[in-house]
**Student:** 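Have a look at this one before I ask anything.
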Amino acid sequence: MPVKMRQIGPCFAAEVEGIDMRKPLSPDEVATIHAGMDEYAVLVFHDQPIDDEQQLAFTGSLGELEHSTGSSLRAPEEYRLPNTFADVSNLDQNQKPFARDDRRRLFAIGNRLWHSDSSFKVIPAKYSLLHARSIPSRGGNTEFADMRAAYDALDVETKAEIQDLICEHSQIFSRQQLGFTDFTDEERARFKPVRQRLVRVHPSTGRKSLYLASHAGSIIGWPVPEARAFLRDLNEHATQREFVYVHRWRVGDLVMWDNRRTMHRARPFPAHEPRDVRRTTLVGDGPTAVQVD
Ligand SMILES: [Fe+2]
């Protein structure tokens with residue numbers, strides 16, 4: 001069956017038909033998916049009844065997998081999934097929803113702020129692939145914002161001002177915004193800030209985009225309050241409705257997005273209901289900025 005893509009909502013999202021993730025991809029299918037990701041930035045595949053092995057195989061056929069060790073507050077012995085997955089569910093290792101005040105849950109609520117996956121890592125994520133195994137009765141949408149369109153819509157003065165700016169990203173900054181400051185010394189060391197460019201050039205298309213995330217808490221050379229106010233303004237600009245696609249999940253959906261030119265956020269849902277969504281991630285090509293110890 002030929003692969004077909006159909007734009008949905010804003011121009012950066014499309015639905016894909018003709019891919020069966022239970023089977024190995026042909027070289028043509030791999031090329032078509034990468035071309036689709038370059039043309040759009042969010043691809044939606046419905047009705048994919050895959051297991052973990054099939055999700056890993058599908059992801060691995062598109063590039064190198066990112067490992068999630070140390071990115072959350074789950075201790076290694078509490079992992080529900082192998083570290084080739086980012087477990088963004090609300091479930092513990094016994095498949096039970098976290099208690100409402102569980103600090104692993106409260107930390108994960110940071111995903112409800114706009115972000116780009118792994119921007120807090122020196123080499124941030126390229127694509128994320130999120131598969132829905134079970135979904136809550138209401139809520140739990142994922143929203144995506146088009147950082148290329150947001151960049152294009154800036155005035156020339158702002159484009160010139162931000163062209164060479166470098167931000168510091170850390171999960172400590174994003175959680176601080178929600179009043180979560182309860183980190184151990186070990187966690188503070190593990191989540192130490194990394195540097196990222198504020199404007200990225202997409203390696204395939206050559207187009208510029210804003211590289212924003214709630215993890216960004218400072219701009220090198222700027223006073224902190226001024227940097228945070230400026231980043232807040234940019235985030236407000238970049239997440240206006242005209243730049244946003246809302247994904248309403250069905251079980252079996254796999255949504256793939258390019259973290260280099262989109263942001264996303266999870267929406268709330270009833271805390272006691274399971275939301276089993278499993279993310280595999282491709283690592284990016286390299287750092288976006290020189291790091292300083
Ligand atoms: Fe995310």
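Both ligands and their constituent atoms are indexed starting at 1 by order of listing. What you are looking at is a predicted structure, and each value in this text was computed from that prediction instead of being measured.
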**Student:** Salt bridge check, Arg80 against Asp276: does any charged N sit closer than 4.0 Å to a carboxylate O?
**Tutor:** yes
**Student:** Between Val42 and His247, does a side-chain contact (heavy atoms from CB on, under 4.5 Å) hold up when you go through it step by step?
**Tutor:** CA-CA 10 Å; Val42 178; His247 187 70; over 6 Å; no
**Student:** Could you identify the N, O or S atom of His264 positioned closest to the Fe ion (ligand 1)?
**Tutor:** NE2
**Student:** Can you tell whether the side chains of Arg250 and Asp47 come within less than 4.0 Å, N to carboxylate O?
**Tutor:** yes
**Student:** Tell me which N, O or S atom of Asp117 sits nearest to the Fe ion (ligand 1).
**Tutor:** OD1
**Student:** Determine, for Asp164 against Arg197, whether the closest basic-nitrogen to carboxylate-oxygen distance falls under 4.0 angstrom.
**Tutor:** yes
**Student:** If you consider just the N/O/S atoms, which atom of His115 is the closest one to the Fe ion (ligand 1)?
**Tutor:** NE2
